[in-house]
Structures are given as structure tokens and as C-alpha cells.
Amino acid sequence: MTDASSPTDVDALIIGGGINGAGIARDLAGRGWRVLLVEQDDLAAHTSSASTKLIHGGLRYLEHYEFALVRKALREREVLLRSAPHIMRPLRFVMPHDPGMRPAWLIRLGLFLYDHLARREVLPGSTSVDLRRHPAGQPLQGRYTRGFVYSDGWVDDARLVVLAALDAQARGAHIATRTRCVSAERGATHWTATLRCDPGSGASTLHTVQARALVNAAGPWAGQVLRDVARPAAAERLATRSLRLVQGSHIVVPRSATPEWTHDHAYIFQSPDGRIVFAIPYEGRYTLIGTTDRELHGDPRGAHASEDEVAYLCAQASRYLRRPIAPADVVWTYAGVRPLLDDDSANPAAVTRDYLLEHDTHAAPLLTVWGGKITTFRQLAEDAAGDISRMLGQPRSAWTRGAFLPGGDLSGWITTSGRPDEDFRRFAAAVQSRWPWLPAELALRWAHAHGSRIELLVGAASGLADLGEEVAPGLFEAELRHLMQTEWARTADDILWRRSKLGLHLTADQRRQVAAWMVAGSAHTRGPSAT
């Protein structure tokens, strides 16, 4: 963020570049408000890139009688799937029935509610299957003969955040990454905030901005922002709620560890402790297994999967899979810290995943986001933008329910059918047909990542040579420049673990090659963090 382009007066200053902050920025900008979003690290650098990557209603939340939350999330599934069919897709889940766990009648009742709490047009309903005959039974131990199948969705969580930020920017918002709000002084009608921008060069700069409203969407740091940034007086007035930081860890193992798994369904496994563990096809060659629920009392930046959590996930998956999963099979782990609204539950797994928007209007408006889950981000953003608009004295209409995220409108490429998954398959085929010189794997990855915006990436290229040097297998200079110039990428981790998951497919030496290129390339590649 540079002095020439930094706004000095905005309607809303948003602290936090996770999914909630980006979603609120998008919604507010689309209503015509002047918006500045600041994120101390990269977009989706923490919780929002470390989820189980599901768009789901939360089947297990029914056991905690959270019917309103489940209904809200179920309503959002198909809204989101339609908005971005390139980064989201329907996914079928298989729950093997363990007679020693939940009884079959209870599972059937839960699935009936799951099918009918909200209207479905895209996702098929639940059914029971004979695992002795269904392909989903092949990777499982022979004692599991009966199962239940239901629908939810999968999402590329980090790219969802980037797309929301891109849409916000296209509608006039300013997005400033590597920028920290170090203080915010409250007046009767405005906040005066001091921002520190650290582009990574070692020379940080300070910038002052006035905002009519302050939005605290800092996720696990929301309480800290109230205490240290919005000042103690504000924190005391808003201390009616608090967060519980619950760590959820995940492991990734090669698909070769379960060679019998030849279908495209995911699994939901019941654990003796009452929790559930997902096993999900991931990145083509891998399986993602998670998650845990462990209370975190330290700094969220230090979250990592512990040896005990890795062993726990391996053990729970091995209770079901024909071939046991061992810690030695694990090729990658990650942990996200979920900022959950504290409801005094003794069990971290039972803490509500719902959100609360808390506002204070005794002076310049302050809105704090407590809790939330990725599936309800659009609804949360709509609620927040409505609240902020009213606090600013000018209610403005909601607009995101039927809107596409960037790249999600495929109608310029194909005749859409109303089935997002089928539309994407036809779009991917059209991409390969238009640019037959693109390697099939690269064309599919770009189609997934960019959707109809893929033309911005390919540009005028007519062959692989036009994409520049292949810095690492499947990663060309043209893509690196695009991500740095248009998607706020500044480091190799931004690209290899958030804008893509190429880091999972590359060797350590190849990842270092990407980092070296970016250090050299950053001198001549000016990106959107300058906005």
C-alpha cells in the first residue's frame, strides 16, 4: 500500500483478511460504500486456509440441537455452489454404520432432517447402501456391511477468500495485505486509525486513515483487536462475549495408501469419543483426513498438528479402512484455529459454530464478528453489511445471494444448465479445446483456480513458450506474474499453499526454486497490495 494510492477517508475500515473480512468488504463495496480492508499477513493466511474445505450444513450439529444453524448452512450450500462452480463442487459422503456407535434409526432420522431442513435443487438426497456391493465398501474393513450416503460440498477455501477480495476490489474496495492496524482512536463520528504496512522489504511505513465505522473481523485475534487496537474502553463495553480458540488439525496421505479407494466419494467416520472424522479425496493423488478439536491457549500463529493429533487421526481412520494409516504415511499436516463463540460447553467439539455480530454505536460505529464458519460466510457478510449500513444511517439493499464470484459465470463459454458440476465439466472441456497446447493437467488446474477469468492468465499466448520459464513443474512465469500482480501474492508460500496447493506436489528443491524466482521477480513485479 503506497502513499499515492492509499485512501485517507473511508466509510468502513475492516481488520482481517480471512473469509469473513473479505466477504464483508465485498458486500459493502457492492452496496456503494468506500471500503478499506487491512490484513497483517496474506489473505487467508491462517484459519481460512486451514479448514476441512467443506461447504456443509454440519450433520453432527443436529445432535447438539443446533437446528437453526444447520438450516442456515444448508440453505447456503447451493447458493455458494452456483456462485463459483470452479472452486466448489458437490461431494457425496459415505458413513459406514458401526452398530456399536449411533443406532441406524438415529442416523436415518438425522439424514431425513438434513435432507428436508432446507430446499435442495442441485444436491441429491441421502440413501442407504450395501457396502458389500457398493464401490465405497472396497477400502473398508469387511465388518462394515451397511452404510449411508448423503450430499454436501467441497471448496478451495483459500481461493474463496481471494475471489471475495477480488470482487470487493472490482467494486471499489481497497485491499491492503501485509498491513496491520496498530491503533484506532474513536471519535463521535469517525475512527482515526494508524496502519503499518510491511511489504517484506524490511522498511515498514505508517499511514493514517479516517473511517466512519470500524469492523473487527480478525478471527482468532478479535478479542486482541478490541483490547489493544480499539482501546480498553471499547473492549469493556463489548466484553459480553468471548471466543474459545479450538484447534483443528488435518493430515494428508497419498491415495496409494488406500489403493482400493477408486471412487470419488468421501467418508465420514464415527469415533468412540463421539466425534466424527472426514476422509476426503484431495488434490487428485492424496486423501485429506480431519479434524481434531483441541482447545488452544497460546498464540494462534503457532498452531500446528501435534504428534498426538496425528496419531489420533491415523487411529480413527484405521478403525474403518482395510489398510491401516500410520503416521509414517503422512506427507503433510496443517492446523487451523477456529474462533468459536464461547457458549460454556465443556466439550470443545460441542461449541457452537454459529456467529454473532456485536455492535456499539455510542460513538463512531464498531462491529465485532464473533465466531462463524466458512459455509455461512456470505450470510454473515450480508448481515454485517446490513448492520453497518444502518449504523451509517443509510440502509442499502443486499445483493450477493444470486451473484457470481469472480470466474464463476461460465455463460460466456458454455450454455449453462443449472447444474454447477456439469457446467464446470463442460467448461473445462471448452478450455482444453480453445488451447489444445496447454497440458491437460495444467488446463484443468487453471480452469479450477480461475474459472472464466482464465483468459487473463493465458492472455495472448499461443504456445507454452509464451508462458515463460517453467520455474517448477507445471508452474510457469506467466502464472507467477499474474498471481503477484493481481492476487496479492508476495511469497512462495502465498502461491504454493494458498493460491494453489502446488507445494504438496513439489519437492523441497523445487519449492526453493519458486522462492528464489519470486525474490528476483518482486523487484519488477508490482502487485495489487499497492492499492
Side-chain angles (χ1 to χ4, degrees), residues 1-17 20-40 165 168-169 171-198 204-219 221-240 357-370 380-397 529-531:
M1 194 164 86
T2 64
D3 292 339
S5 59
S6 300
T8 58
D9 188 5
V10 297
D11 295 312
L13 170 62
I14 300 170
I15 301 174
N20 289 334
I24 293 169
R26 173 194 182 221
D27 197 309
L28 283 171
R31 298 186 194 214
W33 295 111
R34 298 169 302 154
V35 176
L36 169 61
L37 180 147
V38 295
E39 162 55 45
Q40 63 183 345
Q169 180 180 253
R171 298 174 189 278
H174 293 263
I175 309 296
T177 61
R178 270 78 181 189
T179 301
R180 182 185 182 91
C181 182
V182 295
S183 67
E185 299 288 347
R186 193 177 198 179
T189 60
H190 284 79
W191 291 84
T192 301
T194 300
L195 311 178
R196 176 180 289 122
C197 176
D198 183 4
S204 61
T205 58
L206 293 178
H207 173 69
T208 300
V209 63
Q210 281 201 326
R212 295 175 63 195
L214 182 67
V215 180
N216 175 10
W221 292 272
Q224 181 180 329
V225 166
L226 282 181
R227 291 190 305 271
D228 301 340
V229 177
R231 303 304 185 190
E236 290 168 8
R237 279 187 290 271
L238 283 180
T240 60
L357 304 176
E358 194 161 20
H359 12 76
D360 176 3
T361 56
H362 88 281
L366 169 63
L367 183 143
T368 295
V369 179
W370 300 106
L380 181 154
E382 182 175 280
D383 293 344
D387 288 347
I388 294 163
S389 297
R390 286 187 290 273
M391 287 190 286
L392 294 179
Q394 191 176 353
R396 296 178 180 178
S397 298
S529 64
T531 66

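- Residue Asp27 holds its CG atom at 8.0 Å from OG of Ser389, rounded to the nearest 0.5 Å.
- Counting all heavy atoms, side chain and backbone alike, Ala364 lies closest to Trp191 at O-NE1, 3.3 Å.
- Across every non-hydrogen atom of Ala363 and Gly187, the tightest pair is CB-O, 3.4 Å.
- Here the closest heavy-atom approach between residue Asp387 and residue Arg390 is recorded as OD1-NH2, 2.6 Å.
- Here the straight-line distance linking atom CD of Gln394 with atom CZ of Arg31 works out to 11.5 Å at 0.5 Å rounding.
- One finds the CZ atom of Arg212 at 9.0 Å from the CG atom of Asp9 (value rounded to the nearest 0.5 Å).
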Is there a side-chain contact (heavy atoms from CB on, under 4.5 Å) between Asp11 and Leu28? Walk through the geometry before answering. CA-CA 9 Å; Asp11 295 312; Leu28 283 171; over 6 Å; no
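- Residue Val215 is tested with Val35, Asn20, Leu13, Ile14 for a side chain to side chain contact (heavy atoms under 4.5 Å, CB included); the sole match is Ile14.
- Summarising the geometry of Ala165 relative to Ile175, their closest heavy-atom pair is O-CG1, 3.9 Å, with the distance given to 0.1 Å.
- Rounded to the nearest 0.5 Å, atoms CG (Leu392) and OG1 (Thr361) are 11.0 Å apart.
- Qualifying side chain to side chain donor-acceptor pair (under 3.5 Å) partners for Arg196, counting only residues two or more places apart in sequence or in other chains: none.
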Could you go through His207 and Val38, starting from their C-alpha distance and side-chain angles, then the distance that decides it, and tell me whether this counts as side-chain contact (heavy atoms from CB on, under 4.5 Å)? CA-CA 12 Å; His207 173 69; Val38 295; over 6 Å; no
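- Of all heavy-atom pairs between Asn216 and Ala222, the closest is ND2-O, 2.9 Å.
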Would you check, one step at a time, whether the test side-chain contact (heavy atoms from CB on, under 4.5 Å) holds for Val369 with Leu357? CA-CA 5 Å; Val369 179; Leu357 304 176; 3.9 Å; yes
Start with the C-alpha gap between Ile388 and Ile24, add the side-chain angles, then the distance that decides, and say whether side-chain contact (heavy atoms from CB on, under 4.5 Å) holds. CA-CA 10 Å; Ile388 294 163; Ile24 293 169; 4.3 Å; yes
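- Between atom CG of residue Leu367 and atom NE2 of residue His359 there is a gap of 5.5 Å, rounded to the nearest 0.5 Å.
- The side-chain contact (heavy atoms from CB on, under 4.5 Å) check on Gln40 picks up Arg180, Trp221, Arg301, with sequence neighbours excluded.
- The two residues Leu37 and Gly21 make their nearest non-hydrogen contact at CD1-O, 3.3 Å.
- In this structure, CD1 in Ile15 is found 4.5 Å from CG in Leu214, a value given to the nearest 0.5 Å.
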